[in-house]
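Reviewing the structure listed below.
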Amino acid sequence: MQYKSFLIKYAEIGVKGKNRYVFEDALVTNIRHSLKRVDGDFEVAKESGRIYATAQSDYDFDEVVEALKCIFGIAAICPMVQVEDLGYEDLKKQVLSYVDEFYEEKSFTFKVNTRRGNKKYPVNSEQINRDLGEVILHTFPETKVDVHKPEVMLHVEVRNKINIYSHIIPGPGGMPVGTNGKAMLLLSGGIDSPVAGYMIAKRGVRIDAVYFHAPPYTSDRAKQKVVDLAKLVSRYSGAIRLHIVNFTDIQLYIYEKCPHEELTIIMRRYMMRIAERLAAESGAQALITGESIGQVASQTMQSLAATDASATIPVFRPVIGFDKQEIVHVAEKIGTYETSVLPFEDCCTIFVAKHPVTKPVIKLIERSEENLSEKIDELLETAINTVEKVWC
């Protein structure tokens with residue numbers, strides 16, 4: 001027997017006030033959109049604190065669960081049997097049928113946990129627990145009750161219909177994507193920035209992304225690697241519009257005109273400026289990077305401050321306090337790690353200085369940027385006007 005329905009539980013949304021319906025509706029929309037990409041037809045509906053996804057045709061259980069596990073806002077996925085309320089005796093029969101069908105081996109301990117959402121139901125929750133426990137023990141004498149650490153927690157929800165379930169699959173948590181604005185992610189081919197995109201999307205932020213390409217110093221394989229990373233992140237964030245910027249001429253000009261120990265900082269500042277322009281065009285309110293304090297020379301407190309000074313919108317860094325192993329752990333969990341470690345260089349690593357400044361002074365950086373005044377505005381406009389846009 002296959003489950004025909006899924007009870008979708010949320011956590012953080014439940015503490016919202018009068019606008020909770022906005023978050024619920026967004027979650028329902030995201031679930032519908034995600035389930036359209038799997039085999040089978042589903043009806044998704046909400047009912048006073050509950051969201052249901054009900055199969056209207058045959059489907060692949062594992063495929064559906066994997067799709068639901070990528071939807072932010074879902075705290076738990078509960079495959080369930082939903083039946084009509086045909087009276088108390090019928091409820092007992094339905095519970096026995098559930099146990100018999102889904103547990104071939106009956107030698108387990110159990111507990112019944114009833115929630116009576118329909119307060120007009122003639123039997124209260126505690127009595128239902130006792131009565132259902134009694135009929136299970138009588139029908140399947142090899143079972144035992146354990147109210148402290150049961151092997152099977154049998155949940156029964158008495159609402160307009162009866163929900164019966166015992167399996168709870170953890171969801172990703174967070175907030176539904178699209179409920180907290182939009183941001184522009186600076187996406188490289190490394191480990192950190194895809195994780196940053198995942199984490200900011202988990203807070204309900206929709207993301208676009210920008211990648212700085214430097215042909216012929218970086219290859220088409222390096223660009224494809226970033227496209228692949230964007231597609232992996234989009235499983236959680238929804239579709240990402242990736243802006244691919246040809247950054248070669250700007251990098252070479254900076255390399256020619258500016259002190260080499262300041263190259264990384266100045267290049268990062270111009271990346272921020274371009275990303276901010278693209279953010280304004282796409283309606284994004286912030287920039288997102290994968291920087292972590294102290295990981296490399298461009299990520300000291302002073303370097304981050306110098307980089308931020310070039311932007312006029314907020315710059316958020318979701319992994320700012322993570323060490324490398326913590327970032328790797330998330331990358332492995334979301335499936336981006338294997339792609340991130342492919343050996344294709346990005347533009348930042350190609351033009352890195354041998355002895356980069358670790359405590360840049362913003363006024364001195366700005367003075368060095370004056371050396372670029374002859375051509376930099378023209379190069380920026382060319383880069384922005386020739387952006388390649390790819391949906392991932």
Side-chain angles (χ1 to χ4, degrees), residues 5-36 42-54 64 67-80 82 84-85 113-121 124-125 128 155-165 168-185 196-208 233-240 279-280 282-288 313-318:
S5 300
F6 295 87
L7 168 61
I8 309 298
K9 292 187 176 183
Y10 53 73
E12 197 171 347
I13 295 174
V15 302
K16 299 297 180 182
K18 294 181 179 179
N19 65 342
R20 187 172 81 177
Y21 75 93
V22 175
F23 297 89
E24 291 176 332
D25 290 347
L27 182 54
V28 167
T29 298
N30 293 346
I31 292 171
R32 286 174 178 158
H33 179 75
S34 182
L35 291 181
K36 285 180 180 178
F42 286 84
E43 179 184 346
V44 182
K46 68 172 187 174
E47 171 200 300
S48 59
R50 290 290 184 270
I51 295 175
Y52 302 113
T54 304
V64 168
L68 293 173
K69 286 168 69 175
C70 292
I71 302 174
F72 290 132
I74 294 179
I77 305 151
C78 307
M80 69 171 187
Q82 187 175 67
E84 297 291 339
D85 178 9
N113 179 43
T114 301
R115 296 187 63 179
R116 192 174 58 126
N118 178 9
K119 299 305 180 183
K120 295 181 180 179
Y121 200 76
N124 65 36
S125 299
I128 295 173
H155 297 271
V156 177
E157 294 189 353
V158 180
R159 303 173 71 85
N160 294 332
K161 296 183 179 180
I162 308 293
N163 301 331
I164 306 169
Y165 62 95
I168 300 178
I169 303 166
M175 301 292 289
V177 171
T179 57
N180 279 318
K182 187 176 184 180
M184 179 67 71
L185 169 68
Y198 164 86
M199 293 181 66
I200 202 71
K202 188 174 183 178
R203 300 310 307 152
V205 179
R206 191 171 299 282
I207 58 175
D208 276 357
V233 175
S234 73
R235 294 183 304 173
Y236 298 90
S237 67
I240 295 174
S282 67
Q285 296 91 37
L287 304 180
I288 310 298
I313 62 175
V315 181
F316 297 141
R317 298 179 170 92

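These numbers come from a predicted model, not from an experiment. FYI, the numbering just counts along the sequence from 1.
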Distance-minimising heavy-atom pair for Leu27 and Gly73:
CD2-O, 3.9 Å
Roughly how far, to the nearest 0.5 Å, is OG of Ser237 from CE of Met199?
14.5 Å
How long is the span from the CG atom in Asn118 to the CG atom in Asn160, to the nearest 0.5 Å?
7.0 Å
Closest non-hydrogen atoms of Gly197 and Ile207, given as atom of the first, atom of the second and distance, are O-CD1, 3.9 Å
Taking the side chain as C-beta and beyond, is there a heavy-atom pair between Asn163 and Tyr52 under 4.5 Å?
yes
Rounded at 0.5 Å granularity, tell me how far CZ in Phe316 sits from CE in Met184.
14.5 Å
Quick check: does any side chain N or O of Asn180 sit under 3.5 Å from a backbone N or O of Arg203, one acting as donor and the other as acceptor?
yes
Of all the heavy-atom pairs spanning Pro172 and Cys70, show the shortest one and how long it is.
CG-C, 4.3 Å
Distance col, row His155:NE2 vs Ile164:CD1, nearest 0.5 angstrom, shows 12.5 Å
Do NZ/NE/NH1/NH2 and the carboxylate oxygens of Lys202 and Glu12 come within less than 4.0 Å?
no
Write down the atom of Ala196, the atom of Pro318, and the distance for their closest heavy-atom approach.
O-CG, 3.5 Å
After noting the C-alpha distance and the side-chain angles of Lys16 and Tyr10, does the key distance pass the side-chain contact (heavy atoms from CB on, under 4.5 Å) rule?
CA-CA 11 Å; Lys16 299 297 180 182; Tyr10 53 73; over 6 Å; no
Looking at every non-hydrogen atom in both residues, tell me the closest pair between Leu35 and Ala53 and how far apart they are.
CD1-CB, 4.1 Å
Are any side-chain N or O atoms of Arg159 and backbone N or O atoms of Ser48, one a donor and one an acceptor, separated by less than 3.5 Å?
yes
Side-chain donor/acceptor of Asn30 to backbone N/O of Val177, under 3.5 Å:
yes
If only atom types and distance count, is the side chain of Arg32 paired as donor or acceptor with the main-chain N or O of Val44 below 3.5 Å?
yes
Hey, could you give me the CD/CD distance between Glu47 and Glu24, rounded to the nearest 0.5 Å?
11.5 Å
Using modelled atom types and a 3.5 Å cut-off, is there a donor and acceptor pairing between side-chain atoms of Gln285 and backbone atoms of Lys182?
yes
With the side chain counted from C-beta on, respond yes when Ile128 and Asn124 share a heavy-atom pair under 4.5 Å apart, and no when they do not.
no
Count the heavy atoms of every other residue, nucleotide or ligand shown that sit under 6.0 Å from CZ of Arg115, and state whether that count exceeds 12.
no
Does Pro79 reach the side chain of Ile169, with side-chain heavy atoms less than 4.5 Å apart?
yes
What residue among Ile74, Val28, Ile13 forms side chain to side chain contact (heavy atoms under 4.5 Å, CB included) with Ile51?
Val28
Quick one, Leu7 and Glu157 - any side-chain contact, counting heavy atoms below 4.5 Å?
yes
Shortest non-hydrogen contact from Asp208 toward Ser282:
OD2-CB, 3.4 Å
Do Ile8 and Lys46 have side-chain heavy atoms sitting under 4.5 Å apart?
no
What's the spacing between Ile71 CD1 and Thr29 OG1 if we round to 0.5 Å?
11.0 Å
Between Phe6 and Tyr165, is the ring centre distance below 6.0 Å?
no
